[in-house]
Number of protein chains: 2
Amino acid sequence: MNAEKIPNIIITRLPVYLRALQRMADNGLKTTSSQEMGDRVGISAAQIRKDISQFGEFGKQGTGYSIDYLIDKLREILKVDRMWDVIIVGAGDMGHALARYQGFANRGFNVVMIFDNDKNKIGQKIGDFTIEDTANLVERVKAADIKIAMLTLPASVAQGITDKLVEAGVRAILNYAPISLSVPENVKVQHIDPATHLQRMTYYL
Amino acid sequence: MNAEKIPNIIITRLPVYLRALQRMADNGLKTTSSQEMGDRVGISAAQIRKDISQFGEFGKQGTGYSIDYLIDKLREILKVDRMWDVIIVGAGDMGHALARYQGFANRGFNVVMIFDNDKNKIGQKIGDFTIEDTANLVERVKAADIKIAMLTLPASVAQGITDKLVEAGVRAILNYAPISLSVPENVKVQHIDPATHLQRMTYYL
DNA sequence: GCGATTTTGTACAATTAGGCACAAATCTGG
DNA sequence: CCAGATTTGTGCCTAATTGTACAAAATCGC
């Protein structure tokens, strides 16, 4: 693997390639080309070749890429060739939906705990999970060595909980709260806000 | 307003600025600076000034920006100075969560219909909505002149429904299905896939 | 076996995006 | 009213990203 620093913009595309490849594998396909991948994900073939070649020479001229092999390599690069324990903070509708979502398991993630600060919710069950008190968040996260959290809270409390997560050692936060979170440089945040995403399209209507 | 084409990357940042400004306004603030906005959203002040200046001279030297005025301008630019009717296709957990979400109203969106193809779900209520049959999707969307849809379906049926939405005149799709959708050039898609977003962070762990 | 075809990886060119720095305008506090 | 501080909008430069094109390798059809 090339030891130079890989631009983040390339890293953001790799999971999209991986998802498309896993779908091809599910359909029984064995090989693909940068052209076919590009058609599927809406990215130029040259871009895909260049992105992949940052990490090694995984393709074969005339043939393309072995789907299974490329999946293995991408999973390794993205560090999802293992299972990551993930917590959910916020047991509202979105927290419930994520807790029940079946799509994490085969993509490297395993939800292990759910927290809320609402006394009426604490102790209730969501599937196999019992909603825990955010008062115990730092202690529980530290003890279980959790590195990834999904935040499904109102904006008003999101930054406060984020600070606790950082204190507890969390290094990656998927934020569903409609607010920009402030974190130290060694912590990554991804934002999911449906209204923001919709507003990125209305400009073009 | 500058008549030249505005890069998409700038458009993607505007909703983040708008969200931060609305939050400031809710907190009773009247003016802000590119510096303060930048601190809040994690973007350089120069970048914010340059982005905003693409659309006009909305700031005042020495003072900064009037929050209310800038909100009005951004809403106008993003075309969310009006209400957009939006439909949800897929009445699973995610569809339910979006249907009940209270955060759309003050950001320009109004959910008006929910569809599913599951005979057991059709006719059921989610709040004030009755789940409708996707068999009537094209007809209903055309009649109501809907331009925006949120897709909360399994990957296996997402492309088929997308084709129907496009046929019905939908021009913006917020896709929660874990698959890249193929659409004509005049239709916009934004993807929300929690596993993909998480995989964009594990690389750095 | 061999010419035609496919496809990768990459060098080079072109384009796009971002950072810096400063003149000009405005405000603030005597 | 004035000196010092603040803050915008932008010209210029650098960095980052994407596109083009092609040699080299591999396959395919006969």
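Within every chain, numbering begins at 1; the chains are lettered A, B, ... in the order of the sequence lines, protein sequences first and strands thereafter. Remember, it's a predicted structure, so these values are computed and weren't measured experimentally.
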Trace of the side chain to side chain donor-acceptor pair (under 3.5 Å) decision for N8(B) with Y203(A): CA-CA 10 Å; N8(B) 177 257; Y203(A) 175 80; over 6 Å; no

Salt bridge (charged side-chain N to carboxylate O under 4.0 Å, His left out) evaluation trace for D145(B) with K147(B): CA-CA 6 Å; D145(B) 197 30; K147(B) 296 296 169 209; 3.3 Å; yes

Over how many whole Å does the gap from [X] atom [atom1] to [N] atom [atom2] extend?
X      : N       : atom1 : atom2 : result
I48(A) : dT7(C)  : CD1   : P     : 14 Å
I9(B)  : dT16(C) : CD1   : C1'   : 9 Å
E57(A) : dT7(C)  : CD    : P     : 18 Å

Boundaries of the DNA chain D segment in contact with chain A, non-hydrogen, under 4.0 Å: dT17(D) to dT27(D)

Short N/O separations, protein against nucleotides 26-29 of chain C, under 3.5 angstrom:
| unit_1 | atom_1 | unit_2 | atom_2 | d |
| --- | --- | --- | --- | --- |
| dT26(C) | O4' | Q61(B) | O | 3.2 |

Residues which pass side chain to side chain contact (heavy atoms under 4.5 Å, CB included) with D85(A), listed by chain and number, not counting sequence neighbours: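 Listed in chain order: N110(A), V112(A), I146(A).
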
Side chain to side chain contact (heavy atoms under 4.5 Å, CB included) partners for D26(B), two or more places apart: none

Got a list of side-chain donor-acceptor pairs under 3.5 Å for residues 90-99 of chain A, not counting sequence neighbours?
| unit_1 | atom_1 | unit_2 | atom_2 | d |
| --- | --- | --- | --- | --- |
| D93(A) | OD1 | R100(B) | NE | 3.3 |
| D93(A) | OD2 | R100(B) | NE | 3.2 |
| H96(A) | ND1 | A91(A) | O | 3.0 |
| H96(A) | ND1 | G92(A) | O | 2.8 |

Donor-acceptor side-chain pairing of T12(A) and R200(B) below 3.5 angstrom: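 Distance-only check fails for T12(A) and R200(B).
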
Euclidean distance, N117(A) CG relative to L137(A) CG, rounded to 0.5 Å: 10.5 Å

Considering only nitrogen or oxygen atoms on both sides, find all protein atoms under 3.5 Å from nucleotides 19-21 of chain C and state each distance.
| unit_1 | atom_1 | unit_2 | atom_2 | d |
| --- | --- | --- | --- | --- |
| dG19(C) | OP2 | S44(B) | OG | 3.3 |
| dG19(C) | O6 | K50(B) | NZ | 2.2 |
| dA21(C) | N6 | R49(B) | NH2 | 3.4 |

Other residues, nucleotides, ligands: >12 heavy atoms within 6.0 Å of D128(B) CG: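 It does not: D128(B) CG has 12 such atoms or fewer within range.
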
Five-pair end axes of the helix from dG1(C)-dC30(D) to dG30(C)-dC1(D), angle between them (10°):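 Angle reported: 40°, given to the nearest ten degrees.
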
Pairs involving residues 14-24 of chain A, ordered by first then second residue, that meet salt bridge (Lys or Arg N to Asp or Glu O under 4.0 Å) (sequence neighbours left out): R19(A)-D193(B)

Side-chain heavy atoms of L74(B) within contact of Y17(B), under 4.5 Å: yes

Any V141(A) side-chain heavy atom under 4.5 Å of V170(A) side chain: yes

Of V111(B), I87(B), I173(B), the residue whose pairing with M150(B) passes side-chain contact (heavy atoms from CB on, under 4.5 Å):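 When V111(B), I87(B), I173(B) are each tested with M150(B), the side-chain contact (heavy atoms from CB on, under 4.5 Å) holds only for V111(B).
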
Sugar-phosphate only, base, or nothing, as touched by I52(A) at under 4.0 Å among non-hydrogen atoms: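 If one applies the 4.0 Å heavy-atom cut-off, I52(A) turns out to touch nothing in the nucleic acid.
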
Let me have the donor-acceptor pairs involving side chains of residues 56-64 of chain B, under 3.5 Å, with sequence neighbours excluded, atom names and distances please.
none

Pair listing, side-chain hydrogen bond (donor to acceptor under 3.5 Å, both in side chains) test, anchored in residues 164-178 of chain A, at least two apart: N175(A)-H191(A)

ring-ring contact (aromatic ring centres under 6.0 Å, His included) partners for F129(A), two or more places apart: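 If we apply the ring-ring contact (aromatic ring centres under 6.0 Å, His included) test to F129(A), skipping adjacent residues, there are no hits.
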
Nucleic acid contacts - residues 30-39 of chain A versus DNA chain C, non-hydrogen atoms under 4.0 Å: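 Within residues 30-39 of chain A, the residues near DNA chain C are S33(A), S34(A).
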
